[in-house]
Amino acid sequence: MATGTADAAPDSAGRDFIRDIIQADLDAGRVQTVVTRFPPEPNGFLHIGHAKSICLNFGVATEFGGRCHLRFDDTNPTKEEQAFIDAITKDVRWLGFDWGEHLYHASDYFEQLYEWAEHLIGKGVAYVDDQSPDEMRESRGTLTEPGRNSAFRDRTVAENLDLFRRMRAGEFPNGARVLRAKIDMSSGNMNLRDPALYRILHATHPRTGDAWCIYPTYDFAHGQSDAIEGITHSVCTLEFEDHRPLYDWCLEHLPVPSRPRQYEFARLNIGYTVLSKRVLTTLVRDGHVNGWDDPRMPTIAGLRRRGVPASAIRDFARRIGVARAYSVVDYAMLEHVIREHLNRSAPRRMAVLRPLKVVIENYQEGVTETLPAINHPDDADQGVREITFGRALYIERDDFMENPPKKFFRLGPGREVRLRYGYFITCVGVVKDAAGEVVELRCTYDPATKGGNAPDGRKVQATIHWVEASTARPAEIRLYNQLFTRPDPAAEGEIFDHLNPDSLEILAGCLVEPALAVANTPETVQFERTGYFCPDPDSSSDRLVFNRTVGLRDTWAKVKAGA
RNA sequence: UGGGGGAUAGUUUAGCGGUAAAACUCCCGGCUCUGACCCGGGCAUCCUUGGUUCGAAUCCAGGUCCCCCAGCCA
């Protein structure tokens, strides 16, 4: 034992107020084993904001030697679907977390919750209200005015019990009655103005089918579900802060088997994107994107399809920290973490997004040769592959300028550059079409620079990527940009008016080195000097499709923009 | 004079009475067979006004600003 902190949580996980609270609870003996839970409602796909919560809940459980449950908060059958349950399960697992045996559903507890509702009625702290939704809203008061008691508030226990049982039996239509907690209609906290505990919903539930026609509200289900599972630290986002008194009220009035505590942290916001399930659902429903897993979506599924590694998402969650202050994280932070992870592991390849033909005039016609190319500059274990060189090649259009400005290092008339892992070439001619556009470059190569080094020690200002014409494979490459044009799309006006019309750019006629055709390597690779890309599921053996995960940092673009 | 919460660099966090730390962004420079990576350097009236103290981002009091709540959503 080196120090007194030897048994503390790994500092690699960072420290935050949640972990401090847990540590204090452990130290004080208030809890023996930490039990947390991630409680998604299956009414949509998970997004990166959920990932923050997942990493927090599962991370904390692991660090303190406890466990984390995956519990579906399926209390509203009108919005929830089995397909979402399946997608969420897949996403949490993909993120790298394991709930073991502890997969639960709030619906597993419907019978118990119902019993507890009767218990509250028996204690005289819950009643059946016959008011319509409109009447309830009207009598609830406002933020500054107290509400009024319902005319049905003082029904007898027997009457309430009878009515509640008949609600369960299906005697009443949706909205006809509701079970309410009897707390305080004049409370400054709106959640305490006799909140609804059960409502009538004649709807088929993904798991319980038509067994029920009354369903508990979030407020009545969540805390009790936590108690049933022995959750010690029920971590949620700030907007539930006002619900904590109600969370506690329920637990204090019920014979629950354990006493969980709720803690709130600030939800994740990221610039230029939206993390609201309502908005994301609309984007999908109205076809602004191609489904929940569209690579432009901030969903886990979207990020995965885009080629973002789970490790990067976990790292991102760790770096942004956990606090109680409202915040908006820079999109650049996410991109940086993604690049960092991919830079470490992604194999390097060459691909030309916007091809410009190059003919090496002094290279023999009808002949090609192979040259070795390193797969990863910092990881020799990734080995070497063979690439083909020949008389006809393609380079990136952006790597040539007919009248280059002083800061432009790449190819131009009379200039020499290095073809990565190839030869030095010099541009000796430019071929244009009738419109005056450059369609081909005539170049010469220096045979002595084979592999990329000049025996005479001369230097070139740039090394550019390329592919050999006869062996290159055509590909479609999809470039993604931010979905919205504003840092805070929801700030003003209609959010959908701020959709970025250029969020998806499809490049046809790209040329990639043949090693990439062996693809359906689902892994993300780096196209040298361009960015990180991964094959899209739309790919087939005769049609290669790649998604750009994120571009490389581009200092030249800045220089160019500033010039 | 409804209730609840929050304010530390452009951004996100650390700091828990001892003289502001890290990451991202940005700027300057170096290195380089990726204008990438990497390596140097630069960038803070700790919302504000008072108070307590030898000493305050930390404690106290008063302001200011921001966020959440009026679903039978979660």
Side-chain angles (χ1 to χ4, degrees), chain A residues 14-16 20 39-41 43 73 75-76 78-80 129 131-133 136-138 140-147 174-180 186-193 195-201 214-215 217-219 221-222 236-245 264 266 268 271 277-278 319-337 339-340 343-344 348 350 374 377-378 407-410 417-422 424 449 451-453 459-465 526-531 551-560:
Chain A
R15 268 290 163 177
D16 51 67
D20 287 344
E41 183 193 11
N43 65 345
D73 220 332
T75 57
N76 185 352
T78 66
K79 294 187 175 177
E80 297 152 5
D129 195 344
Q131 291 186 104
S132 69
M136 267 183 67
R137 186 182 332 111
E138 198 269 325
R140 181 157 32 234
T142 67
L143 294 179
T144 52
E145 302 160 23
N174 290 354
R177 285 179 230 264
V178 66
L179 182 72
R180 290 228 256 174
S186 64
S187 173
N189 182 342
M190 300 298 289
N191 295 116
L192 264 22
R193 313 245 272 218
L197 267 24
Y198 263 91
R199 71 287 213 197
I200 299 171
L201 250 31
I214 59 171
Y215 292 90
T217 58
Y218 164 84
D219 286 310
H222 206 91
C236 62
T237 46
L238 249 27
E239 61 269 32
F240 291 100
E241 212 164 353
D242 286 347
H243 292 247
R244 181 157 24 95
E264 313 86 16
L268 172 66
K277 240 196 247 181
R278 187 206 120 236
R319 293 204 208 191
I320 58 177
V322 178
R324 287 175 63 84
Y326 173 86
S327 63
V328 182
V329 175
D330 269 350
Y331 190 83
M333 174 78 93
L334 211 209
E335 289 196 319
H336 174 266
V337 178
R339 286 195 192 100
E340 189 174 285
N343 177 52
R344 281 203 293 262
R348 311 285 127 121
M350 291 204 281
I374 292 166
D378 305 316
K407 302 292 277 290
F408 185 82
F409 303 151
R410 285 106 94 152
V417 298
R418 169 167 42 231
L419 293 180
R420 177 142 242 225
Y421 302 126
F424 283 14
T449 59
N453 287 105
K459 301 289 186 190
V460 288
Q461 271 199 114
T463 298
I464 64 175
H465 58 99
Q526 183 193 99
F527 287 176
E528 297 225 29
R529 303 206 314 129
T530 307
L552 252 30
R553 274 192 73 220
D554 190 351
T555 305
W556 166 242
K558 279 180 206 165
V559 173
K560 194 168 59 172

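Nothing here was measured: the structure is a model prediction, and the numbers come from that model. Worth knowing before you read on, the calculation uses all heavy atoms, side chains too, and leaves out hydrogens, waters and symmetry mates. Numbers restart at 1 for each chain; the letters A, B, ... are given by sequence-line order, proteins then strands.
For the pair A:L334 and A:V329, the minimum side-chain heavy-atom distance is 4.5 Å or more. Inter-residue side-chain proximity for A:N343 and A:E340 is flagged as unmet; no heavy-atom pair is nearer than 4.5 Å. Side-chain contact check for A:I200 versus A:V178: every heavy-atom pair is 4.5 Å or farther apart. Between A:T449 and A:R418, every side-chain heavy-atom pair lies at or beyond the 4.5 Å cut-off.
Between the C1' atoms of B:C54 and B:C59, the separation comes to 16 Å (whole Å). B:C73 and B:G62 are spaced 40 Å apart, taking the P atom of each and rounding to whole Å. Going from the P atom of B:G29 to that of B:A36 covers 13 Å, rounded to whole Å. Across the P atoms, B:A70 and B:U64 are found 26 Å apart, a figure rounded to whole Å. When the P atom is compared between B:C47 and B:A9, the two are found 7 Å apart, to the nearest whole Å. Straight-line distance between the C1' atoms of B:C60 and B:U1: roughly 22 Å, to the nearest whole Å. Between the C1' atoms of B:U8 and B:U48, the separation comes to 14 Å (whole Å). B:G42 sits 38 Å from B:C65 when the P atoms are compared, rounded to a whole Å.
For A:R418, no side-chain nitrogen or oxygen approaches OP1 or OP2 of B:U34 to under 4.0 Å. A close approach under 4.0 Å does occur between a side-chain nitrogen or oxygen of A:R140 and OP1 or OP2 of B:C72. The phosphate of B:C73 (OP1 or OP2) has no side-chain N or O of A:T217 nearer than 4.0 angstrom. In terms of phosphate contacts, A:S327 brings a side-chain nitrogen or oxygen within less than 4.0 Å of OP1 or OP2 of B:U13. Neither OP1 nor OP2 of B:U34 sits under 4.0 Å from any side-chain N or O of A:H465. Listed pair A:R339 / B:A36 fails the phosphate criterion, with no side-chain N or O lying under 4.0 Å from OP1 or OP2. The shortest distance between the side-chain N/O atoms of A:R553 and the OP1/OP2 oxygens of B:C37 is below 4.0 Å. Regarding contacts with the backbone of B:C26, a side-chain N or O of A:K558 is found under 4.0 angstrom from either OP1 or OP2. Listed pair A:T75 / B:C73 fails the phosphate criterion, with no side-chain N or O lying under 4.0 Å from OP1 or OP2. The side chain of A:R529 places an N or O atom within less than 4.0 Å of a non-bridging phosphate oxygen (OP1 or OP2) of B:G35.
For B:G2, the base has no donor-acceptor partner in the side chain of A:N189 [N/O atoms by modelled type, under 3.5 angstrom]. No hydrogens or angles were tested; on distance alone, a donor-acceptor pair under 3.5 Å links the side chain of A:R348 to the base of B:U34. In this model, a side-chain donor or acceptor of A:R410 finds a partner on the base of B:G35 within 3.5 Å.
Nucleotide B:A21 has B:U13 as its partner under the Watson-Crick or G-U criteria, with both atom distances under 3.5 Å. Under the Watson-Crick and G-U wobble criteria, each requiring two contacts below 3.5 Å, nucleotide B:A7 is paired to B:U64. In this entry B:U34 has no Watson-Crick or G-U wobble partner, no candidate having both defining distances under 3.5 Å. Across every strand in view, B:C72 sits unpaired, with no contact that passes the Watson-Crick or G-U test at under 3.5 angstrom. Under the Watson-Crick and G-U wobble criteria, each requiring two contacts below 3.5 Å, nucleotide B:U52 is left unpaired.
Nearer the 5' end of RNA chain B, as judged by each residue's closest nucleotide, is the contact made by A:A325, out of A:W556 and A:A325. Nearest-nucleotide positions on RNA chain B place A:V328 closer to the 5' end than the other of A:V328 and A:R319.
Nearest to the side-chain atoms of A:D242 among the listed nucleotides B:C67, B:G35, B:C69 stands B:C69.
Under a 3.5 Å cut-off, the side chain of A:K277 and the backbone N or O of A:E41 do form a donor-acceptor pair. Remark: the backbone N or O of A:N76 is paired with a side-chain donor or acceptor of A:E80 at under 3.5 angstrom.
For A:E528 and B:U34, the CD to P distance is 8 Å, given to the nearest whole Å. The interatomic distance linking A:D330 (CG) with B:C26 (P) rounds to 9 Å, in whole Å. Rounding to whole angstrom units, NZ of residue A:K277 and C1' of B:G71 are separated by 16 Å. One atom, NE2 of A:H222, and another, C1' of B:C73, lie 14 Å apart when rounded to the nearest Å. Atom P of nucleotide B:C66 and atom CZ of A:R324 are separated by 20 Å, given to the nearest angstrom. Atom CD of A:E145 is separated from atom P of B:C69 by 19 Å (rounded to the nearest Å). Atoms NZ (A:K459) and C1' (B:C31) sit 12 Å apart, rounded to a whole Å. Rounding to whole angstrom units, CG of residue A:D73 and P of B:G71 are separated by 20 Å.
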Apply side chain to side chain contact (heavy atoms under 4.5 Å, CB included) to the pair A:R348 and A:R420, showing each step before the final yes or no.
CA-CA 12 Å; A:R348 311 285 127 121; A:R420 177 142 242 225; 5.7 Å; no
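Under the 90° criterion around 0 for the glycosidic angle, B:G71 counts as syn.
By the 30° and 60° cut-offs, the orientation of the rings of A:Y218 relative to A:H243 is perpendicular.
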